[in-house]
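Here the structure is laid out as structure tokens; the discussion comes afterwards.
For the single chain, residues carry numbers from 1 onward in sequence order.
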Amino acid sequence: QVQLVESGGGLAQAGGSLTLSCAASGRTFSNYGMGWFRQAPGKKREFVAALRYRGRSTYYGDSVKGRFIISRDNAKNTVYLQMNSLKPEDTAVYYCALVLSSWIVTTEREYDYWGQGTQVTVSS
């Protein structure tokens, strides 16, 4: 089993920044790919970003490309999502997820474990 716990969500102003963290436990974290997804009210869950097991390869959804940065610290079993130039449309519950593969995965259904989510609200 894997436990994922997100933190760092909250309220930010448009143009501001927030950094989310996701702490993992229960498996050898450094062997697996990680991703961030988000879900706004009334919308489907959306892919945000993902990275490979060592963090050297990353991939972003079009809506966040150039503004968000995903990274990981395998020594701390933690993945991060640095969110810059925030927009009101970034408002959502953000979820981290782990896939039992070393590769980048962008499809929600392929992820094996999920955190409980953290709310991010961006005011205009």
Side-chain angles (χ1 to χ4, degrees):
Q1 283 292 335
V2 172
Q3 294 78 42
L4 301 173
V5 179
E6 301 98 337
S7 61
L11 179 64
Q13 290 190 332
S17 298
L18 279 176
T19 298
L20 306 182
S21 301
C22 173
S25 61
R27 270 189 182 255
T28 306
F29 172 79
S30 58
N31 289 347
Y32 304 113
M34 296 291 297
W36 286 96
F37 291 76
R38 67 186 182 185
Q39 188 168 20
K43 294 188 176 182
K44 293 182 179 180
R45 195 173 296 187
E46 174 191 18
F47 169 75
V48 174
L51 77 175
R52 286 195 67 190
Y53 70 118
R54 291 185 179 177
R56 295 176 182 173
S57 296
T58 58
Y59 191 82
Y60 296 92
D62 288 342
S63 60
V64 306
K65 201 173 296 182
R67 299 189 297 122
F68 289 12
I69 301 171
I70 187 172
S71 62
R72 65 191 298 163
D73 185 338
N74 285 342
K76 296 183 178 180
N77 284 3
T78 301
V79 64
Y80 304 96
L81 185 68
Q82 181 180 338
M83 306 185 293
N84 303 314
S85 302
L86 284 164
K87 304 175 181 180
E89 50 264 44
D90 294 320
T91 295
V93 177
Y94 283 72
Y95 300 89
C96 72
L98 181 147
V99 58
L100 295 176
S101 166
S102 63
W103 296 94
I104 287 178
V105 174
T106 63
T107 307
E108 176 185 355
R109 65 176 182 271
E110 295 189 57
Y111 279 83
D112 298 282
Y113 297 96
W114 293 83
Q116 82 288 351
T118 185
Q119 176 70 47
V120 171
T121 302
V122 183
S123 63
S124 57

Expected output: side-chain [X] to main-chain [Y] donor-acceptor under 3.5 Å:
| X | Y | answer |
| --- | --- | --- |
| Thr107 | Arg109 | no |
| Arg67 | Ser85 | yes |
| Tyr60 | Ile70 | yes |
| Gln39 | Ala92 | no |

To check you understand the geometry: which heavy-atom pair defines the closest contact between [X] and [Y], and what is its length?
| X | Y | value |
| --- | --- | --- |
| Phe37 | Phe47 | CD2-CA, 3.4 Å |
| Ala50 | Ile104 | CB-CG2, 4.0 Å |
| Gly9 | Val120 | CA-CG2, 4.1 Å |
| Asn84 | Ile69 | ND2-CD1, 4.4 Å |
| Glu46 | Ser63 | OE2-OG, 3.0 Å |

task = Could you list all the disulfide bond (SG atoms under 2.5 Å apart) pairs where at least one residue sits in residues 20-116, not counting sequence neighbours?
result = Cys22-Cys96

Single-linkage hydrophobic cluster [X]~[Y], side-chain heavy atoms < 4.5 angstrom:
| X | Y | value |
| --- | --- | --- |
| Tyr94 | Leu98 | yes |
| Leu20 | Val79 | yes |
| Val122 | Val48 | yes |
| Tyr80 | Trp114 | no |
| Met34 | Tyr59 | no |

Hey, are the side chains of [X] and [Y] touching, using non-hydrogen atoms and a 4.5 Å cut-off?
| X | Y | result |
| --- | --- | --- |
| Ser102 | Arg52 | yes |
| Tyr113 | Gln1 | yes |
| Tyr53 | Val99 | no |
| Thr91 | Gln119 | yes |
| Arg38 | Val64 | yes |

Calculate, to the nearest 0.5 Å, the distance between atoms [atom1] and [atom2] belonging to [X] and [Y] respectively.
| X | Y | atom1 | atom2 | answer |
| --- | --- | --- | --- | --- |
| Glu110 | Trp103 | CD | CH2 | 13.5 Å |
| Thr118 | Leu18 | OG1 | CG | 9.0 Å |
| Tyr111 | Leu4 | OH | CG | 11.0 Å |
| Ser21 | Leu81 | OG | CG | 9.5 Å |
| Asn31 | Ser101 | CG | OG | 10.5 Å |

key: Gln13 atom CD: more than 12 heavy-atom contacts under 6.0 Å   = no

ask   = For atom NZ of Lys65, is the number of surrounding heavy atoms from other residues, nucleotides or ligands below 6.0 Å larger than 12?
value = yes

task = Take Lys87 and Asp90, measure what salt bridge (Lys or Arg N to Asp or Glu O under 4.0 Å) needs, and give me the verdict at the end.
result = CA-CA 5 Å; Lys87 304 175 181 180; Asp90 294 320; over 6 Å; no

